Amino acid sequence: MDSPPRPQIEAWLRYFDDLGLGPFYLDRAAAELPSVAPAAAEARRAPTTAKRNPPAMQPAPAPRAQDAALPVVPSLFDATPRVEGDSLGRIREDIGECKRCRLCEARNTIVFGDGNERAQLVFVGEGPGHDEDLQGLPFVGRAGKLLTQMIEAMGLRRENVYICNIVKCRPPGNRQPERDEVATCSPFLDRQLAAIHPRVIVCLGNVAAQTLLGTNKSISQFRGQWFEFRGSKLLATYHPAFLLRTPSAKSEVWTDLKKVMAELGLKPPKPKPRSA
Ligand code: URA
């Protein structure tokens with residue numbers, strides 16, 4: 001078995017170091033990357049998706065009996081009509097040079113989303129910040145770098161997953177998006193999630209979690225719990241920007257990400273303390 005690439009090992013070590021865990025050495029066998037199993041992944045998807053690129057991640061095991069009991073929460077998204085044969089390209093075209101809400105006034109770029117259209121894992125954040133607004137890509141600033149480390153610590157690369165936001169234009173001064181802005185933008189996110197149909201959606205922070213789950217509860221009351229969202233499993237965890245301000249919460253996020261890894265059949269890297 002090939003050993004993982006050096007940047008990945010470095011990313012794991014950096015992330016564990018951030019979590020305050022270490023020092024480590026990497027157990028080669030435990031650091032195996034997930035293998036690709038196209039046939040099983042194809043079987044899970046609708047026939048219309050069969051000609052897309054190979055799947056990025058190992059398919060998770062068949063649904064388990066207890067999944068049937070996951071809480072299903074009605075949300076804003078329940079009103080969005082399905083679009084037959086939808087694709088990310090078509091959704092982006094439909095958005096156009098959007099002027100549907102006031103966020104268009106100060107934005108530089110629409111930040112549609114980035115990553116693998118066939119991803120089994122989607123991260124949903126709140127809205128673009130300064131760097132994202134300039135580059136047109138989600139999570140490329142400081143919080144984005146931390147998210148990239150988190151993804152790499154899971155044994156994945158950014159290109160394996162899909163990353164998007166509740167709103168696609170930067171709210172001025174990085175304020176939270178208003179309800180009407182979220183309501184205007186969310187049909188497009190809903191279509192993105194339906195087109196990708198990932199196994200797992202991870203909501204990053206309160207705004208994403210409350211919007212997708214249709215709740216006013218604080219994320220601290222339900223982070224790390226599984227929900228059912230339109231045929232995907234959904235889990236909310238803290239936003240990377242919160243982790244930059246509150247590094248002590250990183251261990252809770254890592255606990256949540258390990259649940260996601262288990263759900264996706266990803267092998268956690270097994271670091272061991274260096275012997276004296
Ligand atoms: N914060 C977010 O919620 N989304 C981004 O794209 C960047 C920062």
Side-chain angles (χ1 to χ4, degrees), residues 15 18 75-77 88 91-92 95 98 101 103-104 106-117 119 121-154 156-179 181-186 188-193 196 198 200-213 215 218-220 222-223 229 234-247 249-250 252-253 256-257 260:
Y15 185 67
D18 279 343
S75 79
L76 207 55
F77 293 95
L88 294 183
I91 300 163
R92 181 64 191 88
I95 291 173
C98 186
C101 85
L103 291 183
C104 69
R107 70 148 191 257
N108 280 300
T109 325
I110 294 172
V111 181
F112 177 68
D114 185 37
N116 191 322
E117 179 149 14
L121 174 58
V122 172
F123 289 92
V124 182
E126 178 177 321
H130 174 261
D131 296 304
E132 292 77 19
D133 177 56
L134 292 179
Q135 295 186 41
L137 291 169
F139 282 97
V140 289
R142 274 185 76 219
K145 292 202 169 62
L146 182 54
L147 176 61
T148 304
Q149 280 181 26
M150 288 156 55
I151 292 167
E152 290 174 354
M154 296 171 79
L156 297 168
R157 296 191 301 272
R158 267 179 78 112
E159 314 87 84
N160 296 141
V161 304
Y162 193 79
I163 306 174
C164 51
N165 282 304
I166 292 292
V167 293
K168 295 182 170 23
C169 297
R170 181 190 183 202
N174 291 347
R175 66 161 169 77
Q176 278 197 2
E178 307 279 354
R179 271 186 92 79
E181 295 157 355
V182 170
T184 305
C185 216
S186 49
F188 297 107
L189 172 60
D190 188 28
R191 283 175 59 190
Q192 284 169 286
L193 295 175
I196 299 169
V200 173
I201 298 168
V202 173
C203 291
L204 299 168
N206 248 329
V207 171
Q210 291 178 341
T211 303
L212 266 67
L213 293 175
T215 180
S218 162
I219 188 172
S220 57
F222 57 84
R223 84 133 256 282
F229 181 88
L234 183 150
L235 173 146
T237 195
Y238 294 132
H239 194 288
F242 173 72
L243 296 183
L244 291 174
R245 299 190 300 272
T246 320
K250 284 182 179 174
E252 288 164 272
V253 170
D256 299 341
L257 295 182
V260 173

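Keep in mind that the numbers below use all heavy atoms, side chains included, and drop hydrogens, waters and symmetry copies. In listed order, ligands and their atoms are each counted from 1. Quick caveat: nothing in here was measured; it's all calculated off a predicted structure.
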Using modelled atom types and a 3.5 Å cut-off, is there a donor and acceptor pairing between side-chain atoms of Q192 and backbone atoms of F112? yes
With distance as the sole test, does T109 use its side chain to make a donor-acceptor pair with the main-chain N or O of D133 at under 3.5 Å? yes
Just to confirm my output: which protein heavy-atom neighbour is closest to atom 2 (C) of ligand 1, and how far is it? G127 O, 3.1 Å
Among all protein non-hydrogen atoms, which one is nearest to atom 4 (N) of ligand 1, and what is the separation to 0.1 Å? N165 OD1, 2.7 Å
Which ligand 1 atoms are under 4.0 Å away from a heavy-atom of [X]?
X    : value
H239 : 1 (N), 2 (C), 3 (O)
G125 : 3 (O)
E126 : 2 (C), 3 (O)
P138 : 6 (O)

Q176 meets the side-chain contact (heavy atoms from CB on, under 4.5 Å) criterion, sequence neighbours left out, with E126, V207
Taking the six-membered ring for Trp and the single ring otherwise, decide whether the centroids of F139 and H239 are under 6.0 Å apart. yes
Residue pair F188 / I91, side-chain heavy-atom distance below 4.5 Å: yes
